[in-house]
Amino acid sequence: MNPSKTRGGTLKFVSTSTNYSSLWDPQENRPGGWEANFARYYTRQLVTFAPRPGIAGTKPVPDLATAPASVSDGGKTYTYRLRDGITWQDGSVITSQDVKYGIERAVAKGVVPALWPLLNPDGTPREPYAPDPPKPDLKSIETPNTKTIIFKLAKPHNEFERALAVTAASPVRKDKDANDDYGDKPFSAGPYKFESRTTGTKVTLVRNEHWSRASDPVRPALPDRIEITFLDSQQDDYEGHKERDSLLLKGEYDLDLEGTGTLLAYEQEPGLGFHAKAEALGDPALRDNLDNPLTGAVSFVILRPAAKPLKNVHCRRAISYGLDRKALQEAVAHKMGVIAPNMFPPTVEAHDPKYDPYGAVARDGKPSSVKAENELQACGQPNGFSFTLAIYSDNVWSEKAAQALRVSLDRIGIKVRIKKMAGILHNNKNSGDAFINTEPLDTPSLRPFLPYLVYSGAPTNLADLKVPAIEKILDAAAVESNSDKALKTYQEINQKISEEAVYLPILYEKNMLWRGARLTNVYSARAYQGQYDYVSLGVDTE
């Protein structure tokens, strides 16, 4: 939208976050989050996600590397050659050793869990953000010279390049590493460098004079200057967001830094707040500056098959048929989500919009009482049953969803007891038989998403699902070199998960984003949860 190659001007972000130094440390970045999106201004990677809208933006393209990896040894060895002309902000050359050190740093911090078992299979798994982690010397990464880097994986993995495309895999120069203080002023490899960072109030980036446009096929680097203004973090959340939204609508800032969120996992709405959305939607002069992209997050009900009477798959299927997803959508998400037929969101290649096993989309989200009652007969509970649904005690959106769910299931004789709890529900053994969750897609890949949900013993297997056949198919999909076959295998897994009826999709979440009238080259980036693709943005200087 509004394409332009014009350089110059100042791009102005506003934020209600706290200006922590960890936000700017690339190895502390959560893949897919706004921190990773912004970090591409001052970091580079061997490969990065293509600066393109739609599915094309979920595919890795060469960045520091001259070309995609040369893959050998049956898919276990990846070899890259670095470009000429790639430099740090002091003009020194970025080397393969710098790339290796940055990835070792990421593995040590546990921020990219997909990399750990591939690059250090015999090591002790680390918890994310472990304090003062030792930096491993990964023997699986070889640097025979300053231009060549070789990865020798423990086993083939067809999404390894996607794991490398995250900003946590950025190079770091070892002599500049200040451990937990590195984010105070990161050493830039990208088109911008930190001019200043005022704790709590402002961050300013200016052009890196040693960055070479000819060496960077990804970043157009249009603005001369990038500023982030942090509002008073001591304000009440509602008042802070209200002030941010007001300043955006008045045109004092170009866009919100965070740009995304998950509706059923956090108290605040993603994107603009409720009142600002209503104001913008009601004003034709403002409405054209709103966008409503998918985030890649899926909201779903989790049923624990170990809980009585949820042990019987037909009882679980009765819940799926009895869910009034339309009522849940209307209760929590006006223009913030679309009815989900299955667990794979439209933002990933393996999404199949025609796969609607419980007829959720076919009925526009409304329940099927006939099919629900048939399943209750099949599970031996013709008069219904009861179960406990846990929700976050401080989340108004989860409570609204739970109340709508309770009303819809009550119509078919299934009684829902709502239990409010604090903390992480799925790690709490007392959190009941079921709960509502939102799973954001940190990278545009189903490989990181699926193991969390299906591998038995994994702490993120939210339903305590134990189906070895699904795990076996998932392992096969990871080593399938033919991408079309891999996609079909992931779709097969999706079907098997749906058949188990332990994860019941409700909504594919959407955002309501505001873009200032000055912005150019605006599009939604699927690799970054539907946020605008920050590195492509420019500003109209006229």
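In this structure a side-chain-to-backbone donor-acceptor pair under 3.5 Å is present from Gln329 to Gly337. Side chain of Arg316 to main chain of Glu499: no donor-acceptor pair is present (N/O by atom type, distance under 3.5 Å, no hydrogens or angles). Asn37 places no side-chain N or O within 3.5 Å of a backbone atom of Gly33 that could act as its donor or acceptor partner. Not a single donor-acceptor pair under 3.5 Å links the side chain of Glu509 to the backbone N or O of Ser299. In this structure a side-chain-to-backbone donor-acceptor pair under 3.5 Å is missing from Asp533 to Ser524. Checked by atom type and distance alone, the side chain of Thr18 never pairs as donor or acceptor with a backbone atom of Tyr20 at under 3.5 Å. A donor-acceptor distance shorter than 3.5 angstrom exists from the side chain of Tyr358 to the backbone of Ser498, with no hydrogens or angles considered. Tyr253 places no side-chain N or O within 3.5 Å of a backbone atom of Ser15 that could act as its donor or acceptor partner. A donor-acceptor pair under 3.5 Å is absent between the side-chain atoms of Tyr534 and the main chain of Trp34, judged by distance alone. Although no hydrogens or angles enter the test, the distance criterion places a donor-acceptor pair under 3.5 Å between the side chain of Asn158 and the main chain of Ala477.
Evaluated for a side chain to side chain contact (heavy atoms under 4.5 Å, CB included) with Asp256, the options Leu248, Thr16, Leu513 yield exactly one hit, Leu248. Here the options are Ile473, Val502, Leu465, Val467, the test is side chain to side chain contact (heavy atoms under 4.5 Å, CB included), and the partner is Val454; only Leu465 passes.
Under the 4.5 Å side-chain criterion, counting only non-hydrogen atoms from C-beta, Leu23 is not in contact with Glu28. Put simply, the side chain of Glu399 reaches to within 4.5 Å of the side chain of Lys420, judged on heavy atoms. Residues Leu294 and Val338 have side chains in contact (heavy-atom distance under 4.5 Å, counting atoms from C-beta outward). Under the 4.5 Å side-chain criterion, counting only non-hydrogen atoms from C-beta, Leu290 is in contact with Trp514. Two residues are said to be in side-chain contact when any heavy atoms from C-beta on lie closer than 4.5 Å; Val14 and Leu231 meet this criterion. Counting only heavy atoms from C-beta outward, the side chains of Ile436 and Tyr392 never approach each other to under 4.5 Å.
Remark: Ser386 engages Arg417 in a side chain to side chain donor-acceptor pair (under 3.5 Å) (not counting sequence neighbours). Ala168 is linked by a side-chain contact (heavy atoms from CB on, under 4.5 Å) to Ala106, Val111, Val112, Val166, counting only residues two or more places apart in sequence or in another chain. Partners of Asn19 under the side chain to side chain donor-acceptor pair (under 3.5 Å) rule, at least two apart in sequence or in another chain, are Trp24, Arg197.
Among residues at least two apart or in separate chains, side-chain hydrogen bond (donor to acceptor under 3.5 Å, both in side chains) pairs with a member in residues 406-416 are Gln403-Arg406, Asp410-Lys415. Evaluation of the salt bridge (Lys or Arg N to Asp or Glu O under 4.0 Å) test over residues 357-382, restricted to residues two or more places apart or in two chains, returns Asp324-Lys366, Lys326-Asp364.
Between the CG atom in Asp254 and the OH atom in Tyr532 there is a gap of 11.5 Å [rounded to 0.5 Å]. Expressed to the nearest 0.5 Å, how far CG of Leu303 lies from CG of Leu504 amounts to 4.5 Å. Note that the CD atom of Glu330 and the CG atom of Leu328 stand 10.0 Å from one another [nearest 0.5 Å]. Rounded to the nearest 0.5 angstrom, Asn461 CG and Leu453 CG are separated by 7.5 Å. Distance check: Lys308 NZ to Leu310 CG gives 12.0 Å after rounding to the nearest 0.5 Å. Taken from CD1 in Ile319 to NE2 in His314, the straight-line distance is 13.5 Å, to the nearest 0.5 Å.
Shortest non-hydrogen contact noted between Gly322 and Ile412 is CA-CD1, 3.8 Å. Considering all non-hydrogen atoms of both residues, Arg162 and Pro60 come closest at CG-CG, 3.8 Å. Minimum heavy-atom separation, Pro382 to Gln377: CB-NE2, 3.5 Å. Here the closest heavy-atom approach between residue Ala69 and residue Tyr78 is recorded as CB-CD2, 3.5 Å.
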Salt bridge (charged side-chain N to carboxylate O under 4.0 Å, His left out) for Asp475 and Lys155? Distances and angles first, verdict last.
CA-CA 11 Å; Asp475 289 338; Lys155 56 184 178 181; 5.3 Å; no
For Ser456 and Glu471, what are the C-alpha separation, side-chain angles and deciding distance, and is it a side chain to side chain donor-acceptor pair (under 3.5 Å)?
CA-CA 8 Å; Ser456 56; Glu471 296 180 30; 2.9 Å; yes
Side-chain donor-acceptor pairs under 3.5 Å in residues 484-495, sequence neighbours left out?
from   : atom 1 : to     : atom 2 : distance (Å)
Thr489 : OG1    : Lys485 : O      : 2.8
Gln491 : NE2    : Ala350 : O      : 3.3
Asn494 : ND2    : Asn342 : OD1    : 3.2

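Side-chain rings of Tyr508 and His351 approach one another, their centers coming within less than 6.0 Å. Within the 6.0 Å centre-distance limit, the rings of Phe38 and Phe13 are counted as a close aromatic pair.
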